Every structure is written in C-alpha cells, then in structure tokens.
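Below you'll find the structure, written out as structure tokens, and then a few comments.
These figures come from a predicted structure and were not determined experimentally.
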Amino acid sequence: MSTSSVTTTRTAPIPPPEPTRRPVVARSWASRLSALIPQLFLLPWALVVAVPLVWMLMSSLKTNVEIYNSPFGPPGALRLDIYADAWNESNVGAFFLNTVVVVAGGVSLTMLLAVMTAYVMAKYPFRGSRVLYYLYLAGMTFPVFLAIVPLVKIVQALGLFATPVGLILVYAAFSLPFSVFFLTAFFRALPEELSEAAFIDGAGHFGVFFRIMLPLARPGLISIAVFNFLGQWNQYLIPVVLNPQQDEERSNYVLSQGLAALALGENYETSPTSMAQLFAGLLISMVPVLLVYILFQRQVQAGLTAGALK
Amino acid sequence: MSTLRTDVRPARSAPHPSSRRSFLGLAAALGTAGLSACATGGAHGGADSESSGAPTSQDNPFGVDGGEFSAFVFDGGDGVKHLDFTQELFEEKRPEVTTKIVRAEDLSTLQPQFVNQTPPDLFQNSGAGSLDVNSLATNQQLASLDDLMAAPSWDDPSITVEESLNPGVREAGTVGDQLVGLNTTQYAWAIWHDAALFADKGWEMPRTWDELMALSATIKADGIYPWAFTGMHANYFEQGVFQPLVAKIGGQEVWRNVDNLEDGAWQQDAIREAAEAVLQLRTDELILPGVAQMTHIQSQTSWLNHEAAFIPVGAWLENEMKSAIPEGFELTATALPAPEESLADLTPNNPGGGWYVPADASNRPAAFEFLRALLSRESAQNSAELTNAVTMVKGAHDDQELSPAFSTITTMIEKSNAVEAWAPVKYDSWYPSMVEETRAALIKLVLGDLDVEGFLSRCQKKADETKTDDAIAKQTR
Amino acid sequence: MHKRGQWRLIVTFTVPGLVLYTVFVLSSFAQGVQISFTDWTGFTPDLNYIGFDNYLRLVHDGSWWRSVLHNGILLVVIPVLTLGLAMLFASLITRGGAGNLRATPGGDLYRILFFFPQVVPVVIIGILFSYLYASRGGLLQGVLDVVGLDMLSIVPNGPLGNPRTILLAIAVAAVWSSVGFYMVLFLSAMGRVPDELYEAAALDGAGRLGSFVHVTMPLIWAHVQTAFIYLAIGTIDSFALVAVMSQTGAAADFGADVMSTYLYRTAFSLNSQFGYAATMGTVMMIGSVALALVTFRLTKREEYEY
C-alpha cells in the first residue's frame, strides 16, 4: 500500500496464460489508470467525512458571533484557552471521569456475563437453551423507548437512581443481547479438537473454559468489547433518564449528557465562546473513542465476521 | 440573565421553550414520569385542605410556624440570583423556617415526587421538563391560591395581595374554576426594530397596517427584508403576529370563540382577514428567505445584522442576545400595527412564569408566605434589576431606570393596558394537539404553499376533531 | 460426552446474566406493555385499565399513520443508501472484495477515516447537519456558490424547512454517520473469503465486477442481512436526529415526524397521554420483531459454506 509501483505489481491479476505478449509499459499504464478509479469514489467520501471534523476543530476556536456569521471561515485568533475553559468551567473534566468509571464497569460486566452465557449456549446446548437464545435475540429488536418508562421505576426501587452502579448495571443489561448473540456465533466457530484433548487429559468444564476456550476466543472478545465501549461511551438516552442532574455543576453527568446540556444550553447561554467550548468538549470526548478504534481496528474487523446471522 | 426568559415565558402558554430545551429533559421526563405507576395510592390533599400551624394574624396571615420549607425552581444558567434576595427577605421575617431552594436544570425530576405524593412546598413551572399543570390541576394535585390572594400584601397591609398586582394574574393562573398558579412576571410580545437604523434611514415605526405595508415596500427597495422570525419555533409568528393581528381586526372575543371550540370558530371573518394579510407578506416577498429553518437565535442574529427590519420576539430579546448586540443598535419594542389606529397599541401581554403550591405540600403556610415576599416591591425591583423582567407588582418599576430597551417594553405594556386588558389566548395550552396543527398550517400559509381557504379549513377540521375527541378534556373561558 | 459437572457450569454461567437481563430489560418492556392498556397521565399513583381503547384510537390516528409512513420511507432510504455506499467503498478498497491481496492505496487510512462519524454522538451530528444546511454560511450553500446556485431557489425554505425535503435531509445525516461502520463490517467479511476463489474466478475470465457479483456477494450475503436488520431496527428507533433537526416539527409541517417523536410528544406535550404513548411503543416493538422475521424470510438465500 505504500507506493504505487508496489501496488501495481500486487494488483496485477494472477496471470492467466497469455497467448500474446503485450508491451510491458502499456500494461503498467493501464494498470495505473485503473488503480485510480477507486480513488475517484473514495476521495470524495473522505472529504465528506473529514470536512465536518475540521469544521468542529475550527469552530472550537471561534466566538459565537464568528460561528454564526462565517461558519466556515477560519477563527479570528488561536483561542486555545477555550479548551481549558471547556475542561474546567464547562466541567467536561468531571463528565470525562464519570464516563470512564461507568464505561469501564459497564464493559467489564457486559463482557463477563456475555462470555459466560454465550459459551454455554454455544457449547452446552441444554433443554431450554434455544428459548434462552431467542429471549436474548428478541432484546435486540425491542425499541428502547418502550422500556425507558418503567426502567426508572426499577432502578429507583433498587436505590440505584443517579448512581454510577445503576448506570453500569443497566448498560450491561442492555448490551447483553448484542454481545451474547455475537459471542455465541464466535464460540460455535471455535474448533472442538483442543477442548476434547483437554477433557481427555482430565480437565474439568471450568478448566477447559478458562485455559482453552477463553484464550482462543480472544479476537472475538476484543472486537465485541470495543463495540460495547463505543456504544456505551456515546450512550445518551439511558443516562439522561437514569442519571438526572443532582447539583448545579451537573457533577454526576456522563459526557454525552454534559455535551448535550452544553449544546442545548446554547439557546440560553450568552457567553461569547460557549459554542466553541461545546465543540472543544466534543473533540475531547472523541479522542478516547478514536484511539480505541485505531488501536483495535484489526481485531474489530476480524471479530465482526463471527456474528453474521446464520 | 437567562432567568428572564424563564420567568417571562409561561411554560404552558408558550410550549416551545420547553420543547426546545426539553430535548434534554425529554427523556428524563419520559423516564421519571413512569416511576411510580404502581406506587401506593392515597387521598389527595384537596385544594382546600387545612394545615395546622400557628394562629394567623395580620402580620402572619398564613400562620407560619417554623418547620422546613422547600422550593424547586428552574435554573437556566445564572443561578436564579434574584431569589437570593427574596430568600433573605423571607428569612428575616420568618427566621424560624429552614428554607431550601433547589435550583435545577430540569424540572422533570419533580414528576416522580408527585406520583409518590412527596412534592416540594413550592415550585416554579417553567423551562425544561416543565409539568403539565392542566393534568395536575385536574387530578387535584395543586393547592388553591385564593387564601394567598386575599391576604394582606407584604408592603401595605391595608390592601390584599391581589390588589397589589396588575390585573390579569387571576385569569392567567386559573385552571377550570380554580386559581392554582401565581404568575409573577409580565410576559409580552413585541415587534422589535432598531431605532438607530430607522432614524438613519428616515423611517418611522408605523402604527397602522397600511402604513406598515407601505414602509415594507420602502424597506425592501432599500435592500433589507422587512420581516424575520423563527420558523423552527412556530409559536413566535403565531403569538407575536397572528394572534394580535386577529384581535386587532375582530376583537379579542374572536379568540375566545376559538378557545371554546365554537363551531366554525376558525372561519370567523377576522381570522380570514388576518390570514389574507399575512399571506401578503409571502406574496410580496417581504420575509427574509430561509427563516423556515432558522432557530430563534439564528433569526435574531440575522435581524441584529440588519438583514431584516422587524422581528416578533418577546420582552426577553435583549437578555437573550446580550453578547451579540452590535454597538449603536437601539432595540425598540412596539406593538404590532393595527388596521384601525385605535387598537395600534394593543399587544399580547399576560403574566407568566407560574409558581405552584402542590396540594400535598407539607408546609403550605411557608410557601404562601414566600410568595408574598416575592411579590414585595423590593423583591420585584431586585428581580427587574438582575434579569430585566417586568413583574406584575403594581407600580414597582415606575421609577426604575434600566436599559433603554427595557423602558420601551414597560411603555409598550402601559399603552397596551390603556387600550384594554389582553385576555390570554388559551387554546395554546388547553389543546396542544390542535395547536401543533394550526401552527404548522400557519407556517405553511406564510412560508409554504397553503392558501387562505386551505389554512382555514385545516384549522377548522382539527378543531372539530378536538371537539369530538373524548380523550381530550374540554375547558371554556 | 463429558456430562459430569456440566450443570454446575451451565447454572453458574447463565444465571447471573439472565437475572440482570430479566430485572432491567425484560421486566421494563413487560411493564411498558402493561401501561399501554391504561389511560395513565404520568402523574398519578394509580393505573386505570381501559382495555384496547388506546389501540383502537391508534388505528384512527392520522398523525400516527403519517409518522408510520415517514418511518417506512426511512426504512427504505437509509438501508439502501448506507449499505450501498458501504458495499461500494468496501469493494473499492479491496478491489472487488478480494481481501487485502489487491488492496487499494490508502485503504487503511480510508478504513479509519470513514469510521470516524460513528464516534460522533448523534445529538452532535444533528446540530452539525443543521449548520450544513443553513441558508447563510452553510456548507451546502457554500458548495452551490461555486457553481453560482442559490440553495433556497432550488429548495424553497431550505432542506429542513421544506416538508418535501426534510425527511431526506435527515436521512442523509443518518447515512453519513453509519456508512463507515457497515463498510468495516463488509471489509471484515470480504477478508474471510479465500483467495483461491478469486483466483479461480480470474481463471474463468471474470473481471472485478464479475468476481464481485459471483464470488463476493454470495459469500457475504449473511452479513448484508445482519446489517439490514440492525439498520432497520435503528431506523424504527431513531429519535435524536429527528428531534434535533426538526425541532418542534411545525416549520416543515411535520414532514419528518416519526413514530418515536410522535410518541414523545404524546407522552409530554399532548395532554400527558402516557398510556397512549406506551401503546405506540408496544406497536413499535411488535413492528420491529415482525420486520426482523420478514427480513430473515425474504433474504434467505442459498448458504455457501467456506
């Protein structure tokens, strides 16, 4: 992928026996030309995706008046202090830490429960396991909207309203269907031979799971964990409902809530750089997500295929 | 400063502030509302349940007897500072009461407290997640404020609280036949223009509709669009232009007929004439293009940029745009021009920012006493100073010197009241499913492709449906 | 085979998850259905059952059917555009789906960049696109300026102010945000197709298009199916984007009102009809399940093992 000459040779089709010899130069030119065709489609979309990102970046340095009057012009000055204001004044720092706590707990719990459930469903089919499987499958098709009303009542009854623990439990519960579904497919695809061998060596059921199957399933686990991370990091509806404001600083908010509050507060606030603080906060909140994705993108891609419906 | 807006717009008669903001609170409300579907039932404290307390006296008309007092207010961002003063005033007189004022960004957390019958003693219903007061009142979950209105006023014991207020408070706070809301802030719509620009161009703010149309042609010829408004929040044009225009053509009883769902109410001549008049704004191309997808902030910024000459906004405009008002810009509020000059000064103005006392409040005397303090002259002046809000306290702002824009508002309201009292139009809050249809039709008439006939029949059809729908509780005035 | 100790593992492994799932997910949905049979306002402690009244009312509710229609349009437009673009980009990056063997220059970069919108919160995407469509200073107008066109004369009142365009304008934002995710999904599926198949196809004289149609598509069909169901359910549930971009909805004559936004207004704005709103939610749930089942049936193709 590094240089076009390398690519040209690599893209050349596995040569079928060629009846007539063509001049090497001409073939390479044609290849080069056809190598450009994908770029004709890919580059414009890259722009479509990148321009809003750049726009947010620029807007995070502009005053409200600048944003309104020339939304796509450059900022009048390099106002880096806006990022400090966003972190401190707009309390994005606190939102960030809350989110880290909740998402770390949420993803861990999701993965723990989902892996166990999926493993049983894939490798220990029992009477009723199919029912259980469809019960989880159905959870993926329910509109969250219907559940949200009684959910608050349940969480309140457990005394977990507006607490990180409450959010963690609910995040995990609502992530289970997706995770169980994908991981079951993944475990099913794992070969039997190794576990058979371990059983013969006298390993117990738990031993086989922890020593053989779990390490084998690692790519799938990483991929599902990353998707749960992405989903839970940006989760909006559930925290808005279960984690309402507890004090003036909104110190219990997670990022999505805090940013939305800043975004919607726009209609009211008159600080001259309140919009920029919003965008700064937004960019801050996107950094971990982008990092996680970039670091794990290979595994994400590899793990994804396991979950196709069959 | 954002408090002004919250004070000034009664949540229910101007549903959009909540719908704008509510996006935040919406899901919160959605969730919290469900909380206690099955909580224990119990007798509702009726509107006139007695509360035991200290004996009442001229000085302590509600028999405040210590205890805890909790109030819940919406905080739009500035901490509702003017209440600090009221709290001091209150605590000075009733030191035995422990006062707690919760300032929240979203009122929807109150909803479960109602379901659990543990509401605060007092709450201000405005801003995000504001509650459906009509439902609360129908469920007997709000206390009657008659005793408060009949008590001696804070500053002058020889007159009652009600007598110390400008007219309209009782009408605005009544649901059914019961007074449940205390609307302390004057909430007025205006047509705004930049007096500096007008002076510069030699234009004069018109008083009649014909003058307005003539000047509009001049303005347009000068390269400025006469009108801007937000299309995203359709109530601005409805409440700021259409409702007063109809009232100025056919009198305020036209809206009373609509509110009461009288047969053919939307086919009344005044509504037809007003529809024809606003349609002309479209056909003469007098409206800034693109307003349909502008938010209030965007349309107001356009107007501040002199892209348009007039904009219908409430009295809160100056506060909302504070950081964006250009140097030398003279914000000036006036009433909408009228076909007949005699009604030129009439403008929609009615009390808003409603305070409510739940029927289950544990310390009702303190709640009433706090409201009495809130309606003191000093408290009113303090709130005007901090938030530019005109309160309902009679004469409180006569000698207050605030911003020039603020003066144009008080003058406008004074002139309007000299013509006649504005009777709040109620269908906006009574029949929300009807109003969303009529607003959509109105925007389509002014900005889209609907004709007058189509507009009228669409509104009438929805009104007829509303009338025959048993699931919608009917009210009359 | 190794039956001994099996039940201990089954119970230890499935019960905790099932408890959590039942307490928070299943019971919530069950109670939502329960509320749909009441006229609850959301304020009172008691539930008053009214049988199927809410459901009958829904059948005759014009606003409901309008929002169902809008959801239906989105259900076609969003998956077709999203999956179409995702498939196009995935096959361009891999040259007709042939894994990394013949990858396109910059493929890794595209893969990371295209995924980016997926990490932007939906609320912010809504705000972002509202700015893009703005008549003054908006990006769309900026692009049109280059060729000397006026957006407002092409689309009167602007994309978000016009009942005929608002739904499409919102769909575009939805597509923008999800193409990357599905592209990665398809890339991953294509990566698992054995190279030998392409070599064989090439031997048979198939070009890129030919091998895409005859080799890639059949082999990744299961993923297309999964993707469609995901997107379809997401579309039925879509709320934030519509709520942010259409605000009160009146400006564009509710041209983008969908089931979830109507449900929300019913519960809070329109006279606190909480029970009625729950009815809408229940119907949406039934619709989602039905849709998933129908998709399974309709897209059932011969399975290829590889």
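There is no contact between A:A118 and chain C, counting heavy-atom distances below 4.5 Å. Of the two parts of C:I125, neither the backbone nor the side chain holds a non-hydrogen atom closer than 4.5 Å to a non-hydrogen atom of chain A. Neither the backbone nor the side chain of A:L255 comes within contact range of chain C; no heavy atom of the residue lies under 4.5 Å from a heavy atom of that chain. With a 4.5 Å cut-off on non-hydrogen atoms, A:Y136 touches chain C through its backbone and its side chain both. For C:L109, no part lies under 4.5 angstrom from a heavy atom of chain A. Heavy atoms of C:L18 lying under 4.5 Å from chain A belong to its backbone as well as its side chain. Residue contact with chain C, scored on non-hydrogen atoms closer than 4.5 Å, involves the backbone and the side chain of A:L42 alike. For chain C, no part of A:M121 is nearby; none of its heavy atoms comes within less than 4.5 Å. Of the two parts of C:S36, neither the backbone nor the side chain holds a non-hydrogen atom closer than 4.5 Å to a non-hydrogen atom of chain A. In this structure, chain C has no heavy atom under 4.5 Å from any part of A:L112. Heavy atoms closer than 4.5 Å to chain A are found nowhere in C:V224, neither backbone nor side chain. For A:V208, no part lies under 4.5 angstrom from a heavy atom of chain C. Contact of A:L282 with chain C is made through the side chain alone, with heavy-atom distances under 4.5 Å. For A:W55, the part lying under 4.5 angstrom from a heavy atom of chain C is the side chain only. Contacts of C:V15 with chain A are absent, with no heavy-atom separation under 4.5 Å from either backbone or side chain.
For an aromatic pair to be called close, the ring centres must be under 6.0 Å apart, and A:Y293 with A:F227 fails this. Residues C:F89 and C:F114 bring their aromatic ring centres within 6.0 Å. Between A:F199 and A:H205, the ring centre distance stays below 6.0 Å. The distance between the ring centers of C:F129 and C:W176 falls below 6.0 angstrom.
The residue among A:L158, A:L43, A:V155 with the most heavy atom pairs within less than 4.5 Å of chain C is A:L43. Of the residues considered (A:I294, A:L109, A:V120), A:V120 shows the highest number of contacts with chain C, using heavy-atom pairs under 4.5 Å. Contact count versus chain C (heavy atoms, under 4.5 Å) is highest, among A:L230, A:L290, A:L169, A:V289, for A:L169.
To the nearest 0.5 Å, atoms CG (A:L183) and OG1 (A:T110) are separated by 10.5 Å.
A:T99 places no side-chain N or O within 3.5 Å of a backbone atom of A:V254 that could act as its donor or acceptor partner.
Donor-acceptor pairing under 3.5 Å is recorded for the side chains of A:Q39 and C:Y110.
A:A138 is linked by a side-chain contact (heavy atoms from CB on, under 4.5 Å) to A:F142, counting only residues two or more places apart in sequence or in another chain. For A:F210, there are no ring pair (Phe, Tyr, Trp, His ring centres under 6.0 Å) partners at least two apart in sequence or on another chain.
Between C:W40 and C:F274, the angle of the ring planes lies from 30° to 60°, which puts this pair in the tilted group.
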Item to complete: For ring-ring contact (aromatic ring centres under 6.0 Å, His included), just list the numbers for A:Y124 and A:F209, CA-CA rounded to whole Å, side-chain angles, deciding distance to a tenth of an Å, and then say yes or no.
Response: CA-CA 12 Å; A:Y124 292 86; A:F209 172 71; 9.3 Å; no
